[in-house]
Number of protein chains: 2
Amino acid sequence: MAKPTIKDIAAQSGVSIATVSRVLANKSGSYSEKTAAKILKIAKALGYRKNSAAVDLVKKGADVIALIINATPTNFSTQIIDGIQQRASELGQGVIILYAGNRDHALQHQAIITALGRSVSGILLAAIEPDEEDLTLLKESQIPFCFVSLYLGTAAILAVSSDNRDLAYQATQYLIDQGHTRIGLVGIDEYHTGSQRRIGYQEAMTANHLASATVLPGDYSYEAGVRLLQAVKDQGLTAVLAASDMVAAGILTAAQQHKIRVPADLSIMSIDGTIICQITTPALTSVTQDFYQIGRQSVNKVMGQPALDFVPVKIVERASVVPPAD
Amino acid sequence: MAKPTIKDIAAQSGVSIATVSRVLANKSGSYSEKTAAKILKIAKALGYRKNSAAVDLVKKGADVIALIINATPTNFSTQIIDGIQQRASELGQGVIILYAGNRDHALQHQAIITALGRSVSGILLAAIEPDEEDLTLLKESQIPFCFVSLYLGTAAILAVSSDNRDLAYQATQYLIDQGHTRIGLVGIDEYHTGSQRRIGYQEAMTANHLASATVLPGDYSYEAGVRLLQAVKDQGLTAVLAASDMVAAGILTAAQQHKIRVPADLSIMSIDGTIICQITTPALTSVTQDFYQIGRQSVNKVMGQPALDFVPVKIVERASVVPPAD
DNA sequence: CTGAAAGCGCTTACAG
DNA sequence: CTGAAAGCGCTTACAG
C-alpha cells in the first residue's frame, strides 16, 4: 500500500522505468501510442502521483514561483494574487505562497530561505520591505526576484508597482482642483512607498504655491486612521489624502464620532480603491491602483519577459470629496 | 559558481559528506564540536543552502502543511492563516499556501494534486467546498487532511469550524429577544455551511413560534447583499441575519440608497465579525467567529493532536440592531 | 565520533 | 521506439 512509483508501473506494464518516465513526462515522439496507453491506464489504476521532490532534484529546480506576502493591514492582496496566479499559469508555472506574518522580520527572512531552498524559478515579494540581510540573501541566490507593489528606488532591483510619486501628485492635484488648500497626507509610512508619495504630494502642493504641507505618519491601518483624526482636526485641514483605504475608513469613522461631517466638513480621498471604498458611507473617492495588473506584470518581470515597471492608476470619484465649505 | 552542496563543504573541510550532513541536520551527539564549528563556518562562507528537494526525497515527505484556500468574497482569511502559521511553527512545520482561485473547481483540484505530489505532512482546506473527486483523491492519498471553517456533516472527515447551526440559532434568538418577528436569513449558500445555518435559524424561529421563515440565498458577497435588499424590503422584514460581513455591508449600502434607515427601519446582524463591522456606519452587530482559533485547532487536528471540532462564537453588540419600530 | 555505501524516485544522454 | 546506467543532493543504518 505504499505510494506507487514508476517502478511499480514499469513492473506491471513490462517496460523499463525509462519508458514509463518518458510517457509520464509527455516526451511525445519518444514512445508509441500503444505503450503510452497501457502505461497511463496502469498509472491511473494505481493512483500514481509523481513525486515532485524527485523531479525537482533531478531537474535542479521547480517550475514554481514563490510569492512571499505579508498580512498588511490593508486588503488588496487578493487581486494581486489573482493576477500572479493567472499569468504564472499561462507561463506554465505553479505558485506557492509563503506567508510572512504582519511585517514580522524573522518570518519574512525565513520565507525567503524556504523559497531559496526549494529552488523556485522566481521569487515575488509583495508589500515586503526588505532589510539588508534579505537583500543580500536574494542577490546571492542567483534566483530572479521582484518586488511587487513596492519600488525600491533603483532600477537594479526588479519591481512592479504604481508610480507612487505620480499617484500622490495626481490625487493631491485633484483635491486642489476641488478648491482645497489645507490638505494633509495621512497614515503614510517612512519607507520607500511612503517617501515616494510624500514627494508627489509635496510637489503638487509646491506647484500650486501651497506652502503648508502636513504629513501625518502611520502604518496604513484602520487604527492609524482612527488615531490620526485628532491631528487632522487640530491642523484645521479641509481635505486629506489617506495612505490606504483602511486609513481612510479609520479617519471616516473617527470623524463621525467627533461629529465632523464627511465630506461637508472634511473631504477624504483614499489610496487603493478596493471594495472598502464602496462599503463606507459616504463611499470613498479614491486613486485606484490596478493590483491585478501589478500581479501579472510582476510575473512577467521575474520570468524575464517584457513588463511594465509602473502600472497606471486612475481616479474614481465617489462621494467623499467635495469643495471646501470656505 | 554553481549552488554549493554538502560535497563542496566536505571537500573544503576534509571530512566526509556523512559528517557534514549530520552537522547540518543537527544530529547532536553524533559529531564533535570542533568539526561542527569548522563545517558550519565553511557552509556559511559558501552561502550553502540545503536543497529541500533532496531532503524531502530521502525523508519521504516534507515537514510542511499545505493550506489550500480560495478567494472567498469574505475577508476572514488573514486571521485563519495567522492561527495556522503560529501553531504549525510551534509544531515544527512549515506552511505553504496554495491558492484555489474564486471557487474555481479546476484550480482547487490542481491545488490538491500539487499538495499530494509534495508529500506534505497534512493538508488544510479553508473555505473549500470539495466535490466527490476531490474527496476521493484526498481519501486515497494517505495524507491527513482537515477542512477549515467548514463542517461536512460527518465525523469521518476531519473539520474545524464554528458550530454553524448553533451560531445561527444564537443570532436569531438575539434578534427575537430584541423584539423582532419578521426576520430573514440573507445571502446564504446551498452547501454545508449554509444548510447548517438554515437549520439553526429555522429552529430558533420555530422554538419561538415564529412561522414565517425567509431565507434569501446568495454567495456571501457584497454584491449579493446589495442585490437582495429589494427582496428584504418586499418581504417586509424588520431584521436580517446576514450570511457574512460583506453581505451585511451590501444590504446596508443598498438600504441607505433606498432611504431605509438602519437600524431604525431595518436591523442588520452580521455573521463573521471581521473589521468590516467597524468600518460601516452604523457599525455592525455580529456573531463573531474566532478565526484565529479555528486556524490553530485545524493544525492540531491535522497533526493528530487533541483539537476542538467547534470553536465557540460570541455575539458582539455594535450599532446595527435595535428593537423594531412596531 | 567518523566514513563508505546504499538508496530515496525520478530524468536523460547514450546505445541500439 | 526502448532499455541500462548514471546521477540529482541528501540521509542513515552499518562498521569501525
Side-chain angles (χ1 to χ4, degrees), chain A residues 2-40 42-43 46-64 113-114 116-121 141-142, chain B residues 2-40 42-43 46-64 113-114 116-121 141-142:
Chain A
K3 235 188 136 203
T5 71
I6 51 171
K7 227 186 238 168
D8 300 311
I9 299 178
Q12 287 207 24
S13 49
V15 298
S16 72
I17 60 162
T19 298
V20 174
S21 172
R22 288 190 196 102
V23 170
L24 261 21
N26 250 302
K27 302 272 177 216
S28 50
S30 73
Y31 51 78
S32 76
E33 279 312 316
K34 198 159 146 264
T35 25
K38 183 169 55 179
I39 287 170
L40 257 14
I42 293 174
L46 257 33
Y48 173 78
R49 201 82 41 209
K50 212 182 262 195
N51 182 324
S52 312
V55 176
D56 292 352
L57 178 58
V58 57
K59 289 214 177 165
K60 291 170 166 281
D63 287 339
V64 164
I113 290 176
T114 301
L116 261 27
R118 302 217 154 269
S119 308
V120 295
S121 47
S141 75
Q142 312 278 21
Chain B
K3 236 189 137 204
T5 70
I6 52 171
K7 228 186 237 169
D8 300 311
I9 300 178
Q12 287 206 23
S13 49
V15 298
S16 71
I17 60 163
T19 298
V20 174
S21 172
R22 288 190 196 102
V23 170
L24 260 22
N26 250 302
K27 302 270 177 219
S28 50
S30 72
Y31 51 78
S32 76
E33 280 313 316
K34 197 157 147 266
T35 24
K38 184 169 55 177
I39 287 170
L40 257 15
I42 293 175
L46 254 34
Y48 173 78
R49 201 82 40 210
K50 212 182 261 194
N51 181 325
S52 313
V55 176
D56 292 352
L57 179 58
V58 57
K59 288 212 176 168
K60 290 170 165 283
D63 286 340
V64 164
I113 290 176
T114 301
L116 260 26
R118 303 218 154 267
S119 308
V120 295
S121 47
S141 74
Q142 313 278 21

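Values below: every heavy atom of this structure, side chains too, minus hydrogens, waters and symmetry copies. Residue numbering restarts at 1 for every chain, and letters A, B, ... go by the order of the sequence lines.
Note: A:K3 NZ to A:D8 CG = 11.5 Å, rounded to the nearest 0.5 Å.
Secondary structure note: stems in DNA chain C built from 3 or more consecutive Watson-Crick or G-U wobble pairs under 3.5 Å occupy C:1-3 with D:14-16, C:5-12 with D:5-12, C:14-16 with D:1-3.
With sequence neighbours excluded, no residue satisfies salt bridge (charged side-chain N to carboxylate O under 4.0 Å, His left out) with B:R22. For B:S119, there are no side-chain hydrogen bond (donor to acceptor under 3.5 Å, both in side chains) partners two or more places apart in sequence or in a different chain. In this structure A:S141 satisfies the side-chain hydrogen bond (donor to acceptor under 3.5 Å, both in side chains) test with no other residue, sequence neighbours excluded. Legend: residues meeting side-chain hydrogen bond (donor to acceptor under 3.5 Å, both in side chains) with A:S32, ordered by chain and number and at least two apart, are A:T35.
In the 5' to 3' direction, nucleotides of DNA chain C lying under 4.0 Å from heavy atoms of chain A begin and end at C:dG9 to C:dA13.
Residues B:G14 and B:K59 both approach DNA chain C. Their nearest nucleotides, taken by heavy-atom distance, put B:G14 toward the 5′ side.
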Side-chain donor/acceptor pairs under 3.5 Å, residues 46-53 of chain B, sequence neighbours excluded:
{"unit_1": "B:N51", "atom_1": "OD1", "unit_2": "B:A53", "atom_2": "N", "d": "2.8"}
{"unit_1": "B:N51", "atom_1": "OD1", "unit_2": "B:A54", "atom_2": "N", "d": "3.2"}
{"unit_1": "B:S52", "atom_1": "OG", "unit_2": "A:G117", "atom_2": "O", "d": "3.2"}

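Between B:V20 and B:I39, the closest heavy-atom pair is CA-CD1, 4.0 Å. For the residue pair A:A10 and A:S16, the shortest heavy atom distance occurs at CB-C, 3.9 Å.
By the 4.5 Å heavy-atom criterion applied to side chains, A:L24 and A:I9 are counted as neighbours.
Atom name C1', nucleotides D:dT12 and D:dG16: the rounded distance is 16 Å, in whole Å.
Taking a 4.0 Å limit (strictly below) on heavy-atom distances, residues 17-36 of chain A reaches DNA chain C at A:I17, A:A18, A:S21, A:R22, A:K27.
The salt bridge (Lys or Arg N to Asp or Glu O under 4.0 Å) analysis of residues 54-63 of chain B, with sequence neighbours excluded, yields the pairs A:R118-B:D56.
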